Amino acid sequence: MNKVAAITGGAQGIGKAVSLAFAKAGYEVSIADTDKEAGLETVQEIRQAGGKSLFMRVDVAKEDDISRWMKVTLAELGRLDVLVNNAGISRGGSMLELPVTQFDEVIGVNLRGAFMCSQQAAAIMKRQGSGVILNMASTRALMSEADTEAYSASKGGLLALTHAMAVSLGGYGIRVNAISPGWIETSDWQKASRRQTPVHSERDRLQHPVGRVGNPDDIASACLYLAGNQAGFITGQNLVIDGGMTVKMIYD
């Protein structure tokens with residue numbers, strides 16, 4: 001029986017790369033996203049390559065949406081081995097002026113949504129006796145630019161949620177880890193109507209010790225590793241994938 005991966009925000013950007021990577025590795029893939037056009041495009045790509053995939057329009061801030069998605073995933077694909085909590089939003093604006101409603105909206109999707117998805121997925125995985133949950137955090141959980149309070153708080157909370165769930169769920173054979181991407185260029189990983197060719201300056205590249213800006217495949221590869229048996233002794237951890245950007249001192 002093939003393994004099944006469920007990916008939130010799995011239709012564009014990092015999420016799309018993760019969806020395609022799991023499909024290429026032989027997983028059946030259930031994609032949740034708010035963008036129907038992008039979701040159907042990604043499912044079509046997977047199916048054209050010989051994989052099996054389904055898409056549902058899901059707002060992870062809504063518990064009922066998540067419940068329906070999980071039920072359909074089980075009904076159509078039969079099991080759930082990996083959950084990737086990738087869905088995320090951001091709301092910019094001055095910290096002194098950001099409406100609390102927008103702060104709550106970001107927390108509701110990025111943190112509360114990840115918890116609700118994990119709670120329902122873990123119930124399925126517990127019955128199976130194994131599973132993997134991966135939370136897509138961010139280097140913004142560890143360092144900040146001005147006026148990123150809502151996003152940074154949500155990602156910092158996601159790291160705490162990761163180690164808490166790892167302890168709570170370990171006895172059921174469920175591993176939980178986080179990935180914190182740095183600068184990942186996603187403009188060429190959007191749906192066809194929004195896709196753009198990325199352009200980076202020499203300064204952009206030199207901010208990274210590896211000499212380039214990241215791409216979604218860098219993150220997808222790490223997800224596959226953490227979901228696999230080779231990572232069977234890894235849980236409760238946060239893997240920073242940023243080309244070394246956060247360890248480099250930059251003087252202007």
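Quantities reported herein were computed from a predicted structural model and do not represent experimental measurements. Here, residue 1 is the first one in the sequence, and each next residue gets the next number.
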What heavy-atom pair brings Leu159 and Ala137 nearest, and what distance separates the two atoms? CD2-CB, 3.5 Å

Should we count NZ of Lys191 as having more than 12 external heavy atoms under 6.0 Å? yes

From Ser138, Ser90, Ser154, residue fulfilling side chain to side chain donor-acceptor pair (under 3.5 Å) relative to Asn110: Ser154

Applying salt bridge (charged side-chain N to carboxylate O under 4.0 Å, His left out), can you list everything that pairs with Glu45, at least two apart in sequence or on another chain? Lys16

As an exercise, state the distance from CZ of Arg205 to NE2 of His200, rounded to the nearest 0.5 Å. 8.5 Å

With sequence neighbours excluded, tell me which residues meet ring pair (Phe, Tyr, Trp, His ring centres under 6.0 Å) with Phe55. none

No-hydrogen, no-angle side-chain donor-acceptor test under 3.5 Å, Asp242 and Thr139: no

Do Phe22 and Asp81 have side-chain heavy atoms sitting under 4.5 Å apart? no

Is there a donor-acceptor contact under 3.5 Å linking the side chains of Glu185 and Ser187? yes

To the nearest 0.5 Å, how far apart are CZ in Phe103 and CD1 in Ile107? 4.5 Å

Report yes if the side chains of Ile31 and Thr42 come closer than 4.5 Å at any heavy-atom pair, otherwise no. yes

Taken to the nearest 0.5 Å, the spacing of Ile66 CD1 from Cys117 SG works out to 3.5 Å

Roughly how far, to the nearest 0.5 Å, is the OG atom of Ser152 from the CE atom of Met143? 10.0 Å

Could you state the interatomic distance from CG (Asp65) to OG1 (Thr8), rounded to the nearest 0.5 Å? 12.5 Å

In short, Ala23 meets Val29 closest at the heavy-atom pair N-CG2, 3.7 Å

Any side chain to side chain donor-acceptor pair (under 3.5 Å) pairs touching residues 111-123, not counting sequence neighbours? Ser67-Gln120, Asn85-Ser118

When rounded to the nearest 0.5 angstrom, what is the spacing between CD1 in Ile184 and CD1 in Ile241? 7.5 Å

On a heavy-atom basis, the closest approach of Asn135 and Met165 is ND2-CE, 3.6 Å

Could you tell me which residues satisfy ring pair (Phe, Tyr, Trp, His ring centres under 6.0 Å) with His163, sequence neighbours excluded, listed by chain and number? none

Only pairs under 3.5 Å count here: list side-chain donor-acceptor contacts from residues 232-240, not counting sequence neighbours, and write none if there are none.
from: Thr235; atom 1: OG1; to: Val176; atom 2: N; distance (Å): 3.0
from: Thr235; atom 1: OG1; to: Val176; atom 2: O; distance (Å): 3.4
from: Gln237; atom 1: NE2; to: Thr235; atom 2: O; distance (Å): 3.2
from: Asn238; atom 1: OD1; to: Ser180; atom 2: OG; distance (Å): 2.8
from: Asn238; atom 1: ND2; to: Ser180; atom 2: OG; distance (Å): 3.3

What I'd like to find out is whether the side chain of Leu226 reaches to under 4.5 Å of the side chain of Val132, using heavy atoms alone. no

Heavy-atom closest pair, residues Ser130 and Ile174: C-CG1, 4.4 Å

Spell out, as yes or no, whether a donor-acceptor pair under 3.5 Å connects the side chain of Glu63 to the backbone of Met116. no

Are Ile179 and Ile219 close enough, and set up right, to give a side chain to side chain contact (heavy atoms under 4.5 Å, CB included), and what steps lead you there? CA-CA 8 Å; Ile179 292 175; Ile219 308 303; 4.1 Å; yes

Heavy atoms of Leu134 and Cys223 approach each other most closely as CD1-O, 3.5 Å

Between Thr73 and Met56, is a side chain to side chain contact (heavy atoms under 4.5 Å, CB included) present by the stated rule, with each step listed? CA-CA 9 Å; Thr73 298; Met56 279 192 66; 5.9 Å; no

List the steps and the verdict of salt bridge (Lys or Arg N to Asp or Glu O under 4.0 Å) for Glu28 and Arg79. CA-CA 10 Å; Glu28 297 176 0; Arg79 56 184 294 115; over 6 Å; no

Taking everything shown except Lys71 itself, do over 12 heavy atoms lie less than 6.0 Å from its NZ? no

The test is side-chain hydrogen bond (donor to acceptor under 3.5 Å, both in side chains); show your working for Thr101 and Asp104 and say whether it passes. CA-CA 5 Å; Thr101 54; Asp104 289 345; over 6 Å; no

Going by heavy atoms in the side chains, are Asn86 and Val18 under 4.5 Å from each other? no

For Ala150 and Leu98 the tightest heavy-atom approach is CB-CD2, 4.1 Å

Please work out which of the three classes, parallel, tilted or perpendicular, describes the rings of Trp183 and His208, given edges at 30° and 60°. tilted

Applying salt bridge (charged side-chain N to carboxylate O under 4.0 Å, His left out) to Glu41 and not counting sequence neighbours gives Arg195

Val82 vs Lys3 side-chain heavy atoms within contact, under 4.5 Å: no

